[in-house]
Amino acid sequence: MSSLAARLDDIRTRMARAAQRSGRDEVGMVAVTKTVPTAIIAEAITLGLKTFGENRVQEAWPKIEVFPAVEWHFIGRLQTNKVKDVVGRFKLIHSLDRWRLAEALQQEAQAQELQISVLIQVNLGGEGQKGGISPVELDDFLAATTDLPRLRVEGLMAIPPYTADSEEARPYFREMFRLFNNCRTSGREMKLLSMGMSNDFETAIEEGANLIRVGSLLFGR
Ligand SMILES: *Cc1c(COP(=O)(O)O)cnc(C)c1O
């Protein structure tokens, strides 16, 4: 077994156990391929991985050209002048973090006559350097997106403040799940909660994540 295969096996086992502990069923994984060369991505595809994430448009493009048949997600901060390079190429944008970006996505999707699926990035910790909608603005933001018919809001995404111990992130994940449920109970179709990375994905799943984004642990970087 290759080392990538072994790491993938280990992550899948840990995901399944965490899902079992929390009584959740389907948890998906985005394999984050920033800085990962195409040869390794090719191996990941042969191992059955189908969903890949990139946080830079420039780096993602050549990879998407080589592997157009798998699903690509955009997970990084998106400049409005890059929107035209993202719409139509990525299946899901995890990082809708401001109103101006929502409008730019709507405009480009309209021009390309496409629907575009997005997650709203929530900035729960109120960290100034991080993008995202604050929890108190979330309801209004969501309501406003109904005026953007090309956008399909599929859920929420979060990046907790970095902590060495994933237990410290648990209350953060729990609060995100509460927000997610609130959005859902107001009659909206929100199905994805994207949170959890290499160092805290089990905690995230235990608290309700159903889409995790794993890079370094999977690719050994
Ligand atoms: C890099 C990145 C990840 C993956 O992080 P790892 O710690 O390498 O698993 C997840 N989400 C975002 C937004 C990232 O930029």
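Each ligand, and each atom within it, is numbered from 1 in the order the structure gives. What you see below is based on every heavy atom in this structure, not just the backbone, and it leaves out hydrogens, waters and symmetry mates.
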Fill in: hydrophobic_cluster_shared for L101 and I133, side chain cutoff 4.5 Å
yes

Worksheet item: Between K82 and V57, is there a donor-acceptor pair closer than 3.5 Å when you use the side chain of the first and the backbone of the second?
Response: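 Pair absent, no side-chain N/O of K82 close to backbone of V57.
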
Worksheet item: Taking the six-membered ring where the residue is Trp, are the ring centres of F90 and W72 under 6.0 Å apart?
Response: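 No.
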
Fill in: Sequence-distant partners of R7, salt bridge (Lys or Arg N to Asp or Glu O under 4.0 Å), two or more places apart
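Counting only residues at least two positions away or on another chain, R7 forms no salt bridge (Lys or Arg N to Asp or Glu O under 4.0 Å).
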
Note down each nitrogen or oxygen pair, ligand 1 side and protein side, whose separation is under 3.5 Å; give only atom names and the distance to 0.1 Å.
from     : atom 1 : to   : atom 2 : distance (Å)
ligand 1 : 8 (O)  : S216 : N      : 2.8
ligand 1 : 8 (O)  : S216 : OG     : 2.9
ligand 1 : 9 (O)  : S198 : N      : 3.0
ligand 1 : 9 (O)  : S198 : OG     : 2.5
ligand 1 : 9 (O)  : G215 : N      : 2.8
ligand 1 : 11 (N) : R213 : NE     : 2.9
ligand 1 : 15 (O) : K34  : NZ     : 2.7

Worksheet item: What pairs with I40 under side-chain contact (heavy atoms from CB on, under 4.5 Å), at least two apart in sequence or on another chain?
Response: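 Residues passing side-chain contact (heavy atoms from CB on, under 4.5 Å) with I40: L4, V36, P37, F219.
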
Practice prompt. With sequence neighbours left out, write down each residue that passes side-chain contact (heavy atoms from CB on, under 4.5 Å) with S194, or none if nothing qualifies.
Written response: H94, L119, M157, L211, R213

